[in-house]
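What follows is a set of notes on a single structure, which appears directly below.
Lettering follows sequence order; numbering is per chain, from 1.
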Amino acid sequence: MVIECLVLGAGQEVGKSCVVVTINGKRIMFDCGMHMGYLDHRRYPDFSLISKSHDFTRSLSCIIITHFHLDHIGALPYFTQVCGYNGPIYMTYPTKALAPLMLEDYRKVMVDRRGEEEQFSSEHIVECMKKVTAVDLKQTIQVDEDLQIRAYYAGHVLGAAMFYAKVGDAAIVYTGDYNMTPDRHLGAAQIDRLQLDLVITESTYATTYRDSKYVREREFLKAVHKCVASGGKVLIPTFALGRAQELCMLLDDYWERMNLKVPIYFSAGLTIQANMYYKVLINWTSQKVKDTYATRNAFDFKNVLSFDRSLINAPGACVLFATPGMISGGFSLEVFKQWAPCEKNLVTLPGYCVAGTVGHKLMSAKIPTQIRLDEDVQINIHQLSFSPHTDAKGIMDLVKFLSPKHVILVHGEKPKMVTLKEKIQSELGIQCYLPANSESLCIPTTHHIKAGASDAFVRSCLSPNFKFLKTNSAELDDSHKRTMPLLQVYDDRVSEGILTLQKNQSPKVVNQNEFMEALGVEKHEVKLAHCFRVYIPDSESGDASDCLPSTSRKGSLLHLISEKLCRELPDFDVQDCQEHIQIQSVVVSFCSNEKCPHRTGVSLQSVDKKEVHFCCSWSVADDALAWRIVASIKNLELDT
Amino acid sequence: MDLSSLAIFSPVPTSSNSIAYNRKFSCSSEKYAGLELNEDKRLKIDKPLDANSLIGAEPHYRTVKNLLLWNVSFIDVVLISSPMGMLGLPFLTRNKDFSAKVYATEATARIGQLMMEDLVSMHKEYRQFYGAEESDAPQWMKWDELELLPLELRQIVFGADGTEFGGWMPLYSAADVKACMLKVECLKYAEEACYGGTLIIQAFSSGLEIGSCNWGISGPKASISYISSSVFSSAAAMSFNYQALQRSDVILYSDFSSCNGLDKFDNDDNCSGAAGNNYSNLSSDDVNSEGHDTLLNDEEYLEEMEKLNFICSCSVDCIKAGGSVLIPIARIGITLQLLERFAVNLASENMRVPIFLISSVAEELIAFTNIIPEWLCEQWQDRLYSGQPLFSHVEMLKDGRLYLFPAIHSLKLLKTWQEPCIVFCPHWSLRLGPVVHLLLRWSADQNSLLVMEEGLDANLALLPFKPMAMKVLQCSFVSGIQMQKSHHLLKILQPRHVLFPEILRQHIGPLETVFSFNYYSENKMVHIPYMKDSELDITVELACQLQYTTLKQQDMNISRLKGELMIEHGRYRLHLGNDEQVSSHPRPLVHFGRIDLNNLLTALQKLDMNATLEEVTGAAGSHKASRIHVSEPSKAMIEVIEAQTVISAADENIASVISQAISGVLDCI
């Protein structure tokens, strides 16, 4: 049995996440993203690799979307409405609520601003979202009789989830994007310890190790405070969802603490709308935020007001959140142009800006005056370095925690991924792969044989099986004496039974007695026996005249043998029972029966006083042991 | 906890009705002076039930009567299906021996907690009036006092069969509630909770109330589904997820809602429509899809909406006439639905009437409802997706159409109070909380309206407020599975066995079903006549090392199996043990069957042995043993006595060869 993994996007790159995984015949598409860097056919995953006939509904069991970012969901309306996929789609409640906003915003930017031919319409988005089944965290969904999926909290953005999928005995986790450290509004990723064949993880920061977030937060607040204190205006270009709420919480909280009265504005209706979602979906934020909802919903920002265009040039300090984040156009660019000439003002830049945007230009030129824009640029720049992605330590921690049999890295840059791959293989000893786009990979999976088990078998397995081992203190040196208890108790439960296979019946496991009973047969005992002669040299001079060894002498001889066996067979429990010695099923005793049937081979009827017969019997299982014992006793004459 | 038992208590008297109380106290003091005492007692018994016969004391509650007889340390798991089903939990969890795991859905736990806290805070008022209770047994619980109670009340105190008296308990404290909540493990719908490695416990929406659920419990041996009162197309909560309960081995049917109903559970498919429809012509899929249609038809939902609309229009009429509307809070879902209706209806009538929600937990409750879209019905979830607020009460709170107050005597309430108005408040028993005060205020107003849920003994409930001029509207909402639907449901669920409550026996009648069924009743252990093997997973590593032998008689392959048994997430799994040294030729450990001497001789001869057979007879000529003597290649002897064979040989090799030959003629493992 294998898991087949077809990477349609985000293989050795960041963008258009899309992996199709086939587990025991069930095919799941994880994410259906779009590449923001391309405008041609390369922006979508190559769906034709899934099915030549383009019958996607039949060839996929379901689609799972991890979160609302466009590089994870951007191609979904195209895939469902244009390519015609009609099967089930799963995403978390917040993703289902927020995804249409993202998609619609993107569509507008493409069509209205850039004048491109539209790839999908507003109706497409609406129709597409109707096919989505919303899921809650940890809810176990039975997609069909065999396929089970479950979402786990991933941090990253509101509603982001890692997904677990299981078919039969094979199981995988696809992480999507995740964050292993909590931030202002979201918690850290959380997952159960699962038995996994494969983990497919993002690796955006495959080689980065980050320090505490609080330092960066403090720097940001300090820069903003300094600016507004001197009467400047702060422009925070940001994306409507996620970062805006996080920074706003940070500021709102700071304003409260420092008792600042400077207004904080939100520019677009979109962000206000987004805040509404955050309020309703507060259960998906961090525990700290959640705990306060009854008294005051943390997304009911106290100091935040709606912005009006007329306020752009109003006197006095203010803070403004405006979209889009990279100042690529729209309102944030409009405001930037107005505020840029004043050196009192401040603009913050997101951690990552696409080449060609104003944000990118500002970022690459450290000194504002060097920026060639139509306007005079005097404004201060503060670079934000918050990232909702996990760093390399987080990835290693997660992989170590889950301990899957295999790891696939996606959503990262190749050279860094190679480093991480080697680290995972050498440090964790887990096979790791980084397939490129359009590459397909096969991974062997766990498989269990299913059988019925009788009650008696299960019971016998569960009943304790105590073993008491005496430590021979004489054999230990002083240093061990203290640490080792004299008696050690072991409870090694061994499950023993009989597996039966019959035609047209599933395998069944029973215990031995049941099996015999069911078959109506009796046990047949097969034993081996051997009676042999040993020459005992006269150790006790006076008693040599006795015709047969006396009982007491026999006893002491048997004791002698038992001690010898004890030494030679330290792993076995040698029982000295006066009349005989027993080691497992092997019984050794004196034999005075002249006609003992077990005396085979050369049997001289000599009555040498120094001769004794030992009779041994044992069951087949202990054959090897028995012959060792026989040899050992026969050696007695040589020893003494 | 049985809250209907609250009815025997008298509500806390307020200034307006204290005269009646004074009268009662004064006459009772007269009563006890003198010889008339005995006569008077008899008189009282014969007296008809009136407001004065109610018990004037801090209410006690009837709980599960045998809870006290249980050794609570024997309970491993407690499953809570609904907020209402949680109210008695502190009685159990405060027991020092209680160590069970308690599971409830997140929403049930939260709403249940709020309900318990509200109940505790409503009791404060009683305590202020009567003072703290001195002992465990209050005055009214003494025998001579109980004898004075009218028959109707005595029946409630002692139960129908006269055995319930032991179940009366004073209410738990706020600390009990807090401690109780710490012991509750919260789940999402369909989240898998694993108890002790063996049981997988899952909650599935039942549709009755926000957060309420049915349970699926599965282990390696069997799966059980617990079906509580469930609603197929709920107007507020997420609807009954019955598909998740399919194909369980046993269904514990615990929906009592149809006990009062007249519909019968039988094979008459009078609700399936087409009369000539013969199931045998249809594939099972068809049967199922038809079944689903029957279960999910929106008749129930529409009826429910109609009832809500009716309440609204009655309320609007009352307000137009200058009266106020009083709605005791029962189910949260229905309260939320009514708030939505009122928002629409009042706006369309262009009426500005304030709505008050008065409860010690009003604010928390409303705040909570705003953040639980995952637990709501589809209609409300769709609002989230279309960018609207979940409930219009958010808007209503902002623009002063709705007010939340913790108590009726809060200063803010007195400032904003205005009549006519609509008030939602606890408690539906009409004995506790703000509802008592408002009823006393409005009971004489013929234009005002009281909305009550059916099922409550209205006569007894309204007793302290008589004479009532106020209008009373009693309505019943769907609170479970209709009997007719339950037949379809079980057909779809395909259980192997169903346990019905004894009280449904008369409704069920003779059934022709594929599943077996029997009945359960209180305090009787039921054994389910059903056995199945446990399921066992054998790891491939272990399975690869199995060596099969084929049995001579039966067509069966067998193999000795040895490993380490693990219980992981509700499944038995057999692993290769750590220290197992698997030899390439494991010796057979057990032989069975009888030795065919001729076969053995042939086998030995094939191994180039010179063997002769000797029969040994006992003294009486009876057969004692058979011996085979081997002389070549070296001496050995095989003695066969019934079920035992002994090989005697001096040479290890020959002994081994012979034992293999014997294994060849016997079955062995």
Side-chain angles (χ1 to χ4, degrees), chain A residues 93 96-97 100 129 134 136-141 169 273 276 279-283 293-294 447-455 458 461 493-503 508-509 512 516 519 521-532 597-598 600-601 617 620-621 623 627, chain B residues 188-192 202 364 367 370-371 373-374 384-385 387 389-390 533-540 543 546 554-565 572 574 577 587-594 634-637 639 643-650 652 655-656 659 662 666 669:
Chain A
Y93 283 93
K96 185 177 178 184
M129 294 314 290
D136 206 343
L137 294 174
K138 297 205 173 171
Q139 184 186 347
T140 306
I141 294 124
D169 298 318
Q273 177 90 358
M276 199 263 330
K279 268 193 269 181
V280 173
L281 297 165
I282 199 163
N283 273 321
Y293 83 90
H447 179 65
H448 293 128
I449 315 296
K450 305 268 180 286
S454 73
D455 283 350
V458 172
C461 296
R493 297 184 193 187
V494 189
S495 310
E496 268 196 277
I498 291 166
L499 180 77
T500 65
L501 282 173
Q502 251 176 312
K503 254 188 199 157
K508 192 173 172 179
V509 181
Q512 198 169 294
M516 298 284 193
L519 280 184
V521 292
E522 270 174 64
K523 198 166 163 179
H524 189 105
E525 201 177 1
V526 178
K527 291 183 87 173
L528 288 105
H530 181 41
C531 190
F532 55 95
H598 308 312
T600 49
S617 71
V620 204
D623 205 26
W627 289 110
Chain B
K188 309 256 190 196
Y189 278 144
E191 176 178 347
E192 288 184 350
Q202 274 180 294
E364 282 143 298
N370 283 327
I371 60 160
E374 301 88 347
L384 171 72
Y385 303 135
L390 287 181
D533 281 333
S534 301
E535 281 168 23
L536 178 73
D537 290 345
I538 303 169
T539 58
V540 171
L546 295 179
Q554 280 88 351
D555 187 15
M556 186 193 269
N557 286 321
I558 56 168
S559 168
R560 188 161 280 280
L561 189 66
K562 191 173 177 185
E564 230 173 296
L565 188 79
Y572 288 128
L574 203 60
R587 284 193 167 273
L589 294 173
V590 180
H591 294 83
F592 49 91
R594 287 292 171 94
S634 68
K635 262 197 149 180
M637 195 271 285
E639 188 180 59
Q644 179 175 309
T645 300
V646 183
I647 308 163
S648 317
E652 188 177 342
S656 152
S659 81
I662 288 171
L666 282 171
I669 185 155

Closest contact, heavy atoms only, B:Ala190 versus B:Gln202: O-NE2, 3.1 Å

Minimum-distance pair of heavy atoms, taken over all atoms of B:Ala655 and B:Ala649: CB-CB, 4.0 Å

Region of A:Leu281 that comes under 4.5 Å of a non-hydrogen atom in chain B: side chain

Shortest non-hydrogen separation from B:Glu535 to B:Tyr572 and the atoms involved: O-CB, 3.6 Å

Contact origin within B:Asp537 toward chain A - heavy atom pairs under 4.5 Å: both

Test item: B:Tyr189 and B:Glu374 side chains (from C-beta on) under 4.5 Å apart, heavy atoms: no

Proximity breakdown for B:Thr539 and chain A, heavy-atom pairs closer than 4.5 Å: both

Closest approach of A:Ala97 to A:Pro100 (non-hydrogen atoms, all atoms of both residues): O-CD, 3.5 Å

Best-contacting candidate, A:Gln512, A:Glu496, A:His448, against chain B by heavy atom pairs under 4.5 angstrom: A:His448

When B:Ala543, B:Ser559, B:Ser634 are compared by non-hydrogen pairs under 4.5 Å with chain A, the top option: B:Ser559

Residue selection (most heavy-atom pairs with chain B, distance under 4.5 Å) from A:Ile498, A:Leu528, A:Asn283, A:Asp169: A:Leu528

Test item: A:His598 and A:Ser617 side chains (from C-beta on) under 4.5 Å apart, heavy atoms: no

Greatest number of heavy atom pairs closer than 4.5 Å to chain B - which of A:Lys279, A:Lys503, A:Lys96: A:Lys96

Chain A contact via B:Ile371 - which portion, at a heavy-atom distance below 4.5 Å: both

Closest non-hydrogen atom pair, B:Leu561 against B:Ile538: CD2-CD1, 4.3 Å

Residue, of A:Thr140, A:Val458, A:Thr500, that accumulates the most heavy atom pairs under 4.5 Å with chain B: A:Thr140

B:His591 and A:Val620, any side-chain heavy atoms less than 4.5 Å apart: yes

Non-neighbouring partners of A:Lys508 that pass salt bridge (Lys or Arg N to Asp or Glu O under 4.0 Å), sequence neighbours left out: B:Asp533

Parallel, tilted or perpendicular, as decided by the 30° and 60° cut-offs, for the rings of A:Tyr93 and B:Tyr385: parallel

Part of A:Val521 within contact of chain B (heavy atom distance under 4.5 Å): side chain

Most chain B-contacting option - heavy-atom pairs closer than 4.5 Å, from A:Ile282, A:Leu137, A:Leu519: A:Leu519

Chain B contact via A:Phe532 - which portion, at a heavy-atom distance below 4.5 Å: neither

Part of B:Leu384 within contact of chain A (heavy atom distance under 4.5 Å): both

Residue A:Met129 versus chain B: region with a heavy atom under 4.5 Å: neither

Residue part contacting chain B, namely of A:Val509, when any heavy atom lies under 4.5 Å: side chain

Under 4.5 Å from a heavy atom of chain B, the part of A:Ile141 involved: neither

A:His524 versus B:Leu666, closest heavy-atom pair with distance: CD2-CD1, 3.7 Å

Contact class of B:Glu639 relative to chain A, heavy atoms under 4.5 angstrom: neither

